[in-house]
Each structure stands twice: as C-alpha cells, then as structure tokens.
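Okay, structure first, notes after.
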Amino acid sequence: MVSAKVDSEADILSNLNINAGDWPSNLVKNLCLLSPDQIELGKMLVEMGQSHLFQQWTDPGVEDDKKKAFFAQVAKLNSSYPGGLASYIKNARELLADSKVGKNPYDGFTPSVPTGEVLSFGDDNFIKYEEAGVKEAQNAAFVLVAGGLGERLGYNGIKVALLAEATTGTCFLQLYIESILALQEGSCRLTQGTFQKDIPFVIMTSDDTHTRTLEVLESNSYFGMKPTQVKLLKQEKVACLDDNDARLALDPHNKYQIQTKPHGHGDVHSLLYSSGLLKVWLYAGLRWVLFFQDTNGLLFKAIPASLGVSATKQYQVNSLAVQRKAKEAMGGITRLTHSDGRSVVINVEYNQLDPLLRAAGHLDGDANCETGYSPFPGNINQLILELGPYIEELTKTGGAIKEFVNPKYKDASKTSFKSSTRLECMMQDYPKTLPPTARVGFTVMDKWLAYAPVKNNPEDASKVPKGNPYHSATSGEMAIYRANSLILIKAGVQVEGPVQQVFNGQEVEVWPRITWKPKWGLTFSEIKIKVSQSCSVSQRSTMVLKGRDIFLEDLSLDGALIINCIDGAEVKVGGSIQNKGWLLERINYKDTSSPEELRIRGFKINKLEQLEKTYSEPGKFILKPQC
C-alpha cells in the first residue's frame, strides 16, 4: 500500500516535470487528495515561494476536508484577482520593495492645476448644465460602492440602511434609488420620450454586506425600482502578506486558511469588467457610468449638473469635487506631468500634495489662491466615466487598478511587520493608467450642496477641532436641512436662518427641517416653478413634501406640514399654517434606551402637532387653511 502511494506521488510529479526535492514533503504526501486543478494551484504556490503554507500539514487521512477547503480558498483568491494569485504576489513584491526603500510614487512628476468646470449653484450656467444632465440621465448607469458596515459610525447595520435623515426616516439606499427613479422619469419627460428607459443600478457589496443589502431591498420592494434594474456584485477579499518577500499569511487560528482582508473599492472596476455588464450597457446605447459612495445624502443634488458637464465637455473622466481650503484633510484633484512627457489628472492625498508642490518650487506649498480656496479642488470620490473609452481601457488592464501597500513596520529597519498587510486599490485611481490624450476633467460644486459624508462615530466627531467638519450622522442630517433651506432661499422663499445647537458634543447649525422626495425637486429650475417668493418658513418648522406636483403659493409656515400625494394629484398649498410642530429632543449616544440609529445623531423627534394631508386620487386640490 505504501509503495503504491509513493509510486502515485512519483507519477504525479513526473507528469508535471517536477523534482520531488523541490516540493515541500507535506504537500507531496497529500497529492493523492488533490484534483489536477488543485495540483496546478499547488505548483503555482511553490513556484511563487509559498512552500511555508504546507509546513504544518498532516499526513493523508487526517484533516483532509480542511486541506481541500484550503485549495478551494486558493482557487477563489486566484480567480477573483486580475492575472491570478501569481500576479498578486509579483505585484506585492514590487510594491513592498518600493515601500522598504521609501520610493516616492510621484518622483519625476510636476503638479499643476488641471482643467475643469467650477459651477455656482442657481446661475444660468448651472441651470443649463442641470438640464443637459437630466436629458442625458437615460443614457447612464449608476454604481454604488457599498461594501462597508456601519461599525465605525457606532451603528451595527450596513451603512446604506442608515437613516439619511430622521424627519421622514429615509435611509441612504432609499434616497439613492428614489433619486435615480426621479432622474429616469425626468429624463424621459425632458426628451419627450414615448417610454421610460430603466436606468441600471449596480451595488458593489462584500461578504459583510451582501446578504443584508439584499434583505433591505427585498423587504422594501426595492424602494419602487424594478428588481431587474438592480444588480449586486460581491467583492472578494485578497490574501494578506507576512513579510517583504510577499509570503502569504496564514490565519493564526487555522493553519489551512490564508488570512484575507478587503482590497479596497477600486475592485469595482474589475467586477464590472468581469461581469459583462459594461458591454451589455454599451449595446443598449448607454454612454455613462456614474460611481458614488455609500453615505453622502447631498450627492444627487450635484449629479444632474455634473453629468451635464460630462456630456457638454465630452469628458471621458469627470471627478466630482468641492471647493477645498489649503491643507484641508481631503485629496486634491491635480494634473501631474512627468519629465518623460507623461501626464495624468488624478487625486493626490492632502498629506502628499503640500510636499509635492514645495518640491516643485511652490514655496508656499498647498496655499489658498485669490478665491480663498486651494486651486486644487477637493476630491469627493464620485466619478462619471464615458462608457466606450472605459471599456477600451479595462480591456487593456483586465480591470486592474494601480495598487498601493501600507505596511506597519516594527522598526526603522523595515524588515518585519507589526501585523500582516495587503495590497489595496482605490476607485478614483482609475485615471492613472489612461493615456495623455484622454479627456479628464472635474466639476466643482459648492460644498453645502454636494458633500456631507457620514463616516465618524459621535465620540470621534466630538473631538474634531472646531471649524472642521464632523462628518457624523448629526452633521450629515443637518447638512440636508441646510442645503434644502438654501435652495429654497435661492428660489425666493423667505426661510428663517439657523440656530446653533449641540448634539453629542457637536455644535451644529439647525435649519428648518425641510425635506422633499427627489421627484418633487430634481433640479433648481423645477423647484423655482413650484414655489412663490411670498412664501415663508420659520426656523422651528418642519416641512415634508412627498409628491411631484406640490406647489407652494403664499404659504406662511410656523410648525409642521406634511403633504403626501400620488402622481396625477396637483396640490396648491398656501395660507398661514401654525401649530406646535415637531421638536428635536437631545439624547445621549450612550443611552441604550433609544434606538442606535437615533443615538448616533444625538436627538430624536418629538412630534407634538402637525398638519398632514394625503391626496390619493388624481385631480387638482387646494390646501389653504385660514388663520
């Protein structure tokens, strides 16, 4: 029996032209358990210097299921990375070698201000681009990068299920889907289409979020979107690295499992490429792909005009950006020109931008210009890509994005790590591989309109130096009310200014709690038509508009007003409405008697009194209470 098994192992090695002395003995002993594909994977691992993975393997007959599970994991890691696991290890060795010697990725590059479009909300130029963007929306697909949990926010659910605002209880995923549906409807209306084109919506998930994202969608009937419009693409993790030789790290609790960590949101490009969706969209006549991240409640206020810029300027890559103060902790959109003539427009992290500018002879480094802002606009990680050139580029790269590695070294010798590391990639680094001829630009929006991410828990947010953004659930919600109030003010409504209040240790501006469904106010032009300049809203008021055709005429609101109406119901609202309204009541984020999603914002809403009207039949209606 023993002799037969040895012969079998020898035959396998002979067929593969392998010298038994070159292979770890523990792997050789177990060859009889493996399929031909698994043996090829074993051969690849040995050739790539990963023999240590088999060092603690037992003889055949012991823990065989775990050995097979090991190769199933290797097969998954191999298939999910462009070029396979061998390419991952090769790339890792190069990047780790660069990291060890302190190689600067920007060596030879000179920074300059790139070309882009700076928009001012509400002016004729902004309105022109908004209309162009809505028309173009029917030729777009949307991609949400949503692989994260809300643990960093002090919330145990998935981030897209977190409330964007507590007044209506709308979560981020609902807000995004309703915004896309409003664009879908508005695009059909503006182009006088005979039928609505369904806008595709892709969500990139992870092992942590995939099932829960599907549950949120299914339990809410996809928030009104057709299930066929929505595709979930699950991101896989990558292998961890133990040392500068890129030896794969084993799980400390399981000798038959490679330790893995997330690769970063740059994986969205390879997932889209391998899924085949991009070509399906191209054949369907689509022209644009819009990428956005999971907890920015203002984003869709900026998307119509930004898409209009892409279409008008024919940008192959358009990075959405906001005005940025010099040295502010957000990356800057920068043109980098190499001494060999190469040129690229990319995001440069704020801690790299200042020394890069100084090295290029700009003595003040990252400094504000005459506008009071840095000339390098702030990157908010939202991209609009032209589909045709995007497919061409991914066909060349296989969907791979330029990676980086960030090992935590034990000491200055940089010979060993404190803990395992891995390669990472970022969605916004896609332009790094583009040719200099690519039309790459940006669109700058007012920050109050476009950017209020939720990414910090209450404790961390309360420690943010005064004057810097909190980026918490509290500040994110207040930013929505502020933006809606400022939009109405720009349209001529008299909206009373904010008061300062402190929630969870964060001092914020509290504007009237004004919120509307995306279909009510998709663009500024639409909103201007639906309100009159004789309307007024007090600071303590709450106003919720749930319906497309609600018109505010001579309305004086001091309290809470909620209007619900179906499509086909037109409601004109006026007169004086006064009641006790809805109050914000402080709660402490450590008070477990309140729901987690309210604790992290530091308040709950006490609904004392409101005027609420629902119009569930088509027709024309007037709501005008008398004093």
Side-chain angles (χ1 to χ4, degrees), residues 117-134 164-165 167 175 179 182-183 186 190 296-309 320-323 371-373 377 380 443-452 475-499 508-545 547-558 561 563 572-574:
E117 192 74 17
V118 180
L119 301 185
S120 179
F121 178 79
D123 67 11
D124 291 343
N125 198 40
F126 184 91
I127 290 169
K128 175 191 76 173
Y129 281 127
E130 265 201 330
E131 183 173 345
V134 173
E165 42 85 7
T167 296
L175 176 62
S179 298
L183 279 168
L190 269 184
N296 179 7
L298 299 180
L299 174 69
F300 274 86
K301 296 183 186 302
I303 277 180
S306 301
L307 183 55
V309 169
L320 276 65
V322 294
Q323 294 167 324
T371 64
Y373 293 95
I380 62 171
T443 303
V444 177
M445 297 277 181
D446 296 303
K447 191 179 287 187
W448 64 263
L449 180 74
Y451 189 57
S475 62
E477 175 160 355
M478 293 303 159
I480 292 172
Y481 303 141
R482 179 184 187 225
N484 289 342
S485 296
L486 291 174
I487 289 168
L488 290 186
I489 289 170
K490 189 76 175 177
V493 177
Q494 298 168 53
V495 179
E496 189 178 0
V499 297
V508 293
E509 288 185 348
V510 181
W511 289 77
R513 272 70 66 209
I514 298 171
T515 182
W516 54 72
K517 289 286 187 185
K519 67 164 60 178
W520 182 80
L522 182 61
T523 65
F524 183 57
S525 296
E526 276 189 90
I527 292 169
K528 281 205 301 182
I529 292 169
K530 293 177 179 177
V531 301
S532 75
Q533 295 190 3
S534 54
C535 293
S536 65
V537 181
S538 71
Q539 183 279 328
R540 72 178 194 90
S541 291
T542 298
M543 183 168 68
V544 178
L545 306 176
R548 188 178 65 208
D549 296 317
I550 302 170
F551 296 85
L552 308 181
E553 299 181 345
D554 307 317
L555 170 68
S556 174
L557 176 63
D558 182 33
L561 171 67
I563 306 290
K572 293 182 178 179
V573 185

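Positions are given from 1 along the sequence.
Taking all atoms of both residues into account, the shortest heavy-atom contact from A305 to F126 is CB-CE1, 3.9 Å. Residues L298 and A483 share a closest heavy-atom pair of CD2-CB, 3.8 Å. A pairwise comparison of heavy atoms in T443 and S306 identifies CG2-OG, 3.9 Å as the closest pair. Listed here is the closest heavy atom pair of A450 and M445: CB-CB, 3.8 Å. Between P512 and E496, the shortest heavy-atom contact is CD-O, 3.6 Å. The heavy-atom pair separating Y481 from E165 by the smallest distance is OH-CB, 3.6 Å.
L557 is not listed as a side-chain neighbour of V573, based on a closest heavy-atom distance of 4.5 Å or more. Two residues are said to be in side-chain contact when any heavy atoms from C-beta on lie closer than 4.5 Å; W511 and Q539 fail this criterion. Using a 4.5 Å cut-off on side-chain heavy atoms (C-beta onward), I487 and K301 make contact. Counting heavy atoms from C-beta outward, M543 and L555 have side chains that approach closer than 4.5 Å. With a 4.5 Å cut-off on side-chain heavy atoms, P304 and L183 count as touching. Using a 4.5 Å cut-off on side-chain heavy atoms (C-beta onward), K528 and I127 make contact. Between Q323 and K447, the closest side-chain pair of non-hydrogen atoms is not below 4.5 Å. Proximity of N484 to V495: side-chain heavy atoms (C-beta onward) are nowhere separated by under 4.5 Å.
Within the model, atoms CD of E477 and CZ of R482 stand 15.5 Å from one another, a figure rounded to the nearest 0.5 Å. Going from atom CZ of R548 over to atom NZ of K517 covers 14.5 Å, rounded to the nearest 0.5 Å. Between the OG1 atom in T167 and the CD1 atom in I480 there is a gap of 9.0 Å [rounded to 0.5 Å]. Within the model, atoms CG of D549 and NZ of K519 stand 9.0 Å from one another, a figure rounded to the nearest 0.5 Å. Atom-to-atom distance recorded for C535:SG and K530:NZ is 14.0 Å, nearest 0.5 angstrom. Here K490 contributes atom NZ and S485 contributes atom OG; the two are 15.0 Å apart, rounded to the nearest 0.5 Å.
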* To do: Might you work through the side-chain contact (heavy atoms from CB on, under 4.5 Å) test for I527 and W516, ending with a clear yes or no?
  => CA-CA 11 Å; I527 292 169; W516 54 72; 3.8 Å; yes
* Asked: So I514 and L488, side-chain contact (heavy atoms from CB on, under 4.5 Å) or not? Walk me through it.
  -> CA-CA 9 Å; I514 298 171; L488 290 186; 3.9 Å; yes
* Going through the checks in order, is the side-chain contact (heavy atoms from CB on, under 4.5 Å) test met by L545 and T515? -> CA-CA 7 Å; L545 306 176; T515 182; over 6 Å; no
* From CA spacing to verdict: side-chain contact (heavy atoms from CB on, under 4.5 Å), V510, M478 -> CA-CA 6 Å; V510 181; M478 293 303 159; 4.1 Å; yes
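Between the side chains of S534 and S532, at least one donor N or O sits under 3.5 Å from an acceptor N or O.
Every ring pair (Phe, Tyr, Trp, His ring centres under 6.0 Å) that Y451 has, sequence neighbours left out, goes to H471.
Looking only at distances, a side-chain donor or acceptor of D446 sits under 3.5 Å from a matching main-chain atom of F121. With W520 contributing its side chain and I550 its backbone, the two residues share a donor-acceptor pair below 3.5 Å. Checked by atom type and distance alone, the side chain of S120 never pairs as donor or acceptor with a backbone atom of D123 at under 3.5 Å. Judged purely by atom type and a 3.5 angstrom limit, R540 uses its side chain to pair as donor or acceptor with the backbone of D558.
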